[in-house]
Amino acid sequence: MTRAATSAITTAARNCSGPRAGPTPRSASPTSTSRPTTCMPAPRVRPERGGRSPTAASPTAGSTRRGSDSAAQTATPTIGPSARSETGSGRMAWIRVVEALKAPVDSEVTVKGWVRTRRDSKAEGGLSFINVHDGTCFDPIQVVATGALPNYQSEVTRLSTHCAVECDGTIVKNPKGGNEIKATAVRVIGWVDDPDHYPIQPKPHSFEYLREVAHLRPRTNTFGAVARVRHCLSMAVHRFFHERGFYWVHTPIITGSDCEGAGQMFRVSTLDLCNIPRSVESGQPRIAGSESRPTKDSEIDFTKDFFGKEAHLTVSGQLNVETYCCAMSNVYTFGPTFRAENSNTARHLAEFWMIEPEMAFCDLMRDSQIAEDFIKYCVRAALTELPDDMRFFDERIEKGLLARLAHVLEKPFLRLPYTEAVKIIQEAQAKGRKFEFQVKWGSDLQTEHERFLTEEHFKQPVILMNYPKQIKAFYMRLNDPGTDGAPGDTVAAMDVLVPKIGEIIGGSQREERLDKLDQRIEEMKLPAREYWWYRDLRRYGTVPHAGFGLGFERLMLFVTGMANIRDVIPFPRAPGQAEF
RNA sequence: UCCUCCAUAGCUCAAUGGUAGAGCGAUCGGCUGUUAACCGAUAGGUUCCAGGUUCGAGCCCUGGUGGAGGAGCCA
């Protein structure tokens with residue numbers, strides 16, 4: 001795995017309030033106990049110079065307001081569309097770093113952000129180059145501070161990674177061409193307590209390590225870029241559907257049915273775990289001491305629970321969104337989803353965001369076309385809206401990312417029946433390609449098979465269609481016998497396979513015929529009673545409809561080239577992992 | 001849940017069962033319109049936890065805990 005050591009570097013001002021969140025609360029007790037906690041206002045760890053004690057408790061201690069004074073005389077109109085009416089402590093226009101990098105020369109500006117790096121020179125009576133970032137773009141802006149600043153020795157030369165600063169100055173051209181700010185004032189808003197122990201250093205950190213300091217990692221260039229792409233893709237998702245007349249439906253996060261059928265669920269309950277109510281239906285008397293453990297003879301009485309029945313966190317909004325589909329035509333969900341699977345991989349989370357469009361009067365072919373358009377739309381959005389971030393991912397995270405994505409956009413995705421895919425894999429095997437698992441018609445394809453198809457054999461995204469019914473969900477539409485020359489019954493299911501990820505989308509045309517649906521529910525021994533409202537959709541004005549599901553974080557992996565799903569969501573939840 | 005590997009300085013990692021090391025980062029100094037800066041010096045350790053073997057354990061054994069990679073489940 002290319003865990004391209006990242007890039008890190010960021011800045012942080014630590015507040016004095018509240019308990020220290022601690023970088024690695026559960027690890028290294030020696031470290032955490034020996035470390036000075038929080039930012040104690042008083043004795044600073046660093047030796048003091050020059051008598052001034054810039055403590056975190058007095059953020060602006062010793063900072064100068066001179067810049068403000070001079071700015072007052074040359075009050076400059078605000079610059080850029082997003083410049084707000086607020087100004088810095090001075091009267092210069094506070095603009096974002098992204099705007100400062102494009103602002104015209106001689107503009108008087110203020111930027112606010114965190115120090116990424118600082119380099120000093122003794123030339124010209126003291127010269128410091130401070131890279132400041134505020135999250136608005138990949139590149140920081142370089143602020144040039146000179147010894148003429150009154151707080152130069154006392155503060156500027158002590159800035160360390162992730163100190164928070166406000167800088168006033170003039171936009172000038174860097175000798176190498178880019179914009180930089182010739183500072184007239186540098187105000188320190190928040191110091192970094194004990195830079196030697198500050199968890200993020202101006203050096204590469206492993207992603208594993210940064211997960212332990214998830215509260216500080218967004219200040220690094222990698223996680224800043226991830227956050228921007230995540231936002232960009234989220235907006236693209238909504239834009240894609242909105243532009244096509246889809247309605248966003250907020251399906252419930254708490255579900256009262258255990259019939260969504262997509263894996264282990266988290267229970268939602270307000271019952272007292274120390275005193276769980278038992279039903280006495282079995283006629284057995286309750287036995288003291290046995291009441292808090294379920295037995296065959298005493299079942300938990302969920303009528304006493306909050307919802308009067310068992311409740312769980314949703315594992316899919318699909319069944320619910322189908323109801324709106326059969327009324328609004330084109331709808332989608334985009335929200336959090338929860339799976340209590342004990343799965344520990346770079347592609348799974350216990351809490352993730354899922355996108356599930358559902359289209360009425362739609363068959364599998366159109367479904368797959370929308371899936372393809374959707375993927376391409378999202379890829380294009382990232383490439384055009386965040387070229388700097390994407391270039392970074394290409395250079396430092398996955399070499400060749402941009403070429404891979406360009407290739408994805410290039411031509412139509414390939415469509416292939418499952419039955420054909422099995423033949424291709426079997427032929428490859430006959431020619432000596434080794435697989436850990438055998439493939440035969442009727443068995444589900446393993447990750448290795450899917451990746452073989454999309455990465456080796458076709459070298460492009462592939463949509464597999466019409467899977468054997470026994471490996472797919474009950475709600476998928478039964479195909480006519482003999483579809484694709486399959487030796488058994490198939491359903492109108494599709495999986496979109498892409499290089500690097502494997503399956504990124506799973507979808508299907510839904511079974512709209514009540515008798516066929518009932519037959520499947522019965523075959524799979526599902527509790528028919530639980531599906532009463534789902535069955536109603538087939539009783540009252542049923543229509544062919546189709547949809548698909550896509551894990552948003554997997555789309556993130558696909559677009560950014562990041563290797564681990566825990567690094568593309570701000571605070572990953574996984575088995576044994578709910579810190580922050 | 002299964003298989004494999006790992007846990008030593010702020011970070012990344014060394015160290016035949018025999019004095020705890022390097023690089024980066026931090027601090028201080030030198031040089032420099034610097035930008036992965038460079039040069040020198042200094043500080044920094046209960047070697048994840050609990051037991052055990054041994055004259056002696058970072059190293060060997062047992063049991064925990066945590067992490068990583070792969071698999072399964074899936075999105």
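Just so it is clear: chains get the letters A, B, ... in the order the sequence lines come, proteins before strands, and each one is counted from 1.
- Nucleotides U4(B) and C61(B) have their P atoms positioned 15 Å apart, rounded to a whole Å.
- With sequence neighbours left out, the ring pair (Phe, Tyr, Trp, His ring centres under 6.0 Å) criterion links His545(A) to no other residue.
- One C1' atom belongs to A20(B), the other to G44(B), and the distance between them is 13 Å to the nearest Å.
- A close approach under 4.0 Å does not occur between any side-chain nitrogen or oxygen of Asn342(A) and OP1 or OP2 of G72(B).
- Under 4.0 angstrom from either OP1 or OP2 of G72(B) there lies at least one side-chain N or O belonging to Gln446(A).
- For Arg415(A), the side-chain contact (heavy atoms from CB on, under 4.5 Å) partners two or more places apart in sequence, or in a different chain, are Met365(A), Ser368(A), Gln369(A), Glu372(A), Phe413(A), Ile463(A), Met465(A).
- If you check every strand for non-hydrogen atoms under 4.0 Å, Thr345(A) touches a base.
- With sequence neighbours left out, the side-chain contact (heavy atoms from CB on, under 4.5 Å) criterion links Cys362(A) to Met359(A), Arg366(A), Asp367(A), Ala546(A).
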### Message
Counting Watson-Crick and G-U wobble pairs with both distances under 3.5 Å, what is the dot-bracket string for RNA chain B, 5' to 3', using [ ] for crossing pairs and | for pairs to another strand?
### Response
(((((((..((((....[..)))).(((((.......))))).....(((((..]....))))))))))))....

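- The C1' atoms of G40(B) and G18(B) are separated by 34 Å, rounded to the nearest whole Å.
- Partners of Arg347(A) under the salt bridge (Lys or Arg N to Asp or Glu O under 4.0 Å) rule, at least two apart in sequence or in another chain, do not exist in this structure.
- For the P atom pair drawn from G66(B) and C49(B), the interatomic distance equals 15 Å after rounding to whole Å.
- Applying a 4.0 Å cut-off to non-hydrogen atoms, the residues of residues 351-358 of chain A that approach RNA chain B are Phe352(A), Met354(A), listed by residue number.
- The nucleotide whose nearest atom lies closest to any side-chain atom of Tyr209(A) is, among A26(B), C73(B), G10(B), G10(B).
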Using a 3.5 Å cut-off and no angle test, enumerate the donor-acceptor pairs between side-chain atoms of residues 231-238 of chain A and protein atoms at least two apart in sequence or in another chain.
residue   : atom : partner   : partner atom : Å
Ser234(A) : OG   : Arg230(A) : O            : 2.8
His238(A) : ND1  : Tyr332(A) : OH           : 2.6

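- When each of G10(B), C74(B), G33(B) is scored by its nearest atom to the side-chain atoms of Asp196(A), the top-ranked nucleotide is G10(B).
- G33(B) and A68(B): their P atoms are spaced 45 Å apart (whole Å).
- Partners of Ile253(A) by side-chain contact (heavy atoms from CB on, under 4.5 Å), not counting sequence neighbours, listed by chain and number: Leu313(A), Pro336(A), Phe338(A).
- In this structure, Gln264(A) does not reach the U1(B) phosphate: none of its side-chain N or O atoms is under 4.0 Å from OP1 or OP2.
- Distance Leu210(A) CG to U12(B) P: 9 Å, rounded to the nearest Å.
- Within 4.0 Å (heavy atoms only), Asn564(A) reaches sugar-phosphate atoms of the nucleic acid but no base atom.
- Whole-Å rounding puts the Lys173(A) NZ to G33(B) C1' distance at 16 Å.
- Remark: P of U65(B) and CD of Glu579(A) are 18 Å apart, rounded to the nearest angstrom.
- For U34(B), neither phosphate oxygen OP1 nor OP2 lies less than 4.0 angstrom from any side-chain nitrogen or oxygen of Ser121(A).
- Taking the salt bridge (Lys or Arg N to Asp or Glu O under 4.0 Å) definition, one finds that Arg119(A) meets it with nothing, sequence neighbours left out.
- Glu448(A) comes within contact range of no nucleotide atom at all, as no heavy-atom separation falls under 4.0 Å.
- The side chain of Lys203(A) has G10(B) as its nearest neighbour among C31(B), G10(B), C73(B).
- The phosphate of C73(B) has neither OP1 nor OP2 within less than 4.0 Å of any side-chain N or O from Arg347(A).
- Side-chain contact of Glu322(A) with Tyr475(A): a donor-acceptor pair under 3.5 Å is absent, judged by distance alone.
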Protein-nucleotides 35-42 of chain B N/O pairs closer than 3.5 Å?
residue : atom : partner   : partner atom : Å
U35(B)  : O4'  : Arg119(A) : NE           : 3.0
U35(B)  : O4   : Lys176(A) : NZ           : 3.3

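- Remark: the separation of the P atoms in G58(B) and A7(B) is 15 Å, to the nearest Å.
- Separating the CD1 atom of Ile565(A) from the P atom of A68(B) is a distance of 14 Å, rounded to the nearest angstrom.
- No salt bridge links Asp120(A) with Lys122(A); every basic N to acidic carboxylate O contact stays at or beyond 4.0 Å.
- For Asp373(A), the salt bridge (Lys or Arg N to Asp or Glu O under 4.0 Å) test picks out no residue, with sequence neighbours left out.
- Judged by distance alone with a 3.5 Å cut-off, a donor-acceptor contact links the side chain of His348(A) to the base of C74(B).
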Side chains of residues 567-574 of chain A: which donor-acceptor pairs under 3.5 Å do they make with residues two or more places apart or in other chains?
residue   : atom : partner   : partner atom : Å
Asp567(A) : OD1  : Arg211(A) : NE           : 2.8
Asp567(A) : OD1  : Arg217(A) : NH1          : 3.2
Asp567(A) : OD2  : Arg211(A) : NH2          : 2.8
Arg573(A) : NH1  : Glu579(A) : O            : 3.0
Arg573(A) : NH2  : Phe580(A) : O            : 2.8

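- Of the candidates A68(B), G72(B), C11(B), A68(B) carries the atom nearest the Arg566(A) side chain, counting heavy atoms from C-beta on.
- Side-chain atoms of Glu208(A) stay outside donor-acceptor range of the base of G69(B), with no qualifying N/O pair under 3.5 Å.
- For Thr447(A) and G72(B), the shortest distance from a side-chain N or O to OP1 or OP2 is below 4.0 Å.
- If Leu445(A) and Ala346(A) are placed on RNA chain B by their nearest nucleotide, the residue sitting closer to the 5' end is Ala346(A).
- The CG atom of Asn344(A) sits 9 Å away from the P atom of G69(B) (whole-angstrom rounding).
- Using cut-offs of 30° and 60° on the angle between ring planes, the pair Phe548(A) and Phe374(A) is tilted.
- Ring pair Phe435(A)/Phe452(A) is perpendicular by interplanar angle, where above 60° counts as perpendicular and below 30° as parallel.
- Between C38(B) and C24(B), the distance separating the two C1' atoms is 15 Å to the nearest Å.
- Smallest separation of non-hydrogen atoms from Ser316(A) and Glu356(A): OG-OE2, 2.9 Å.
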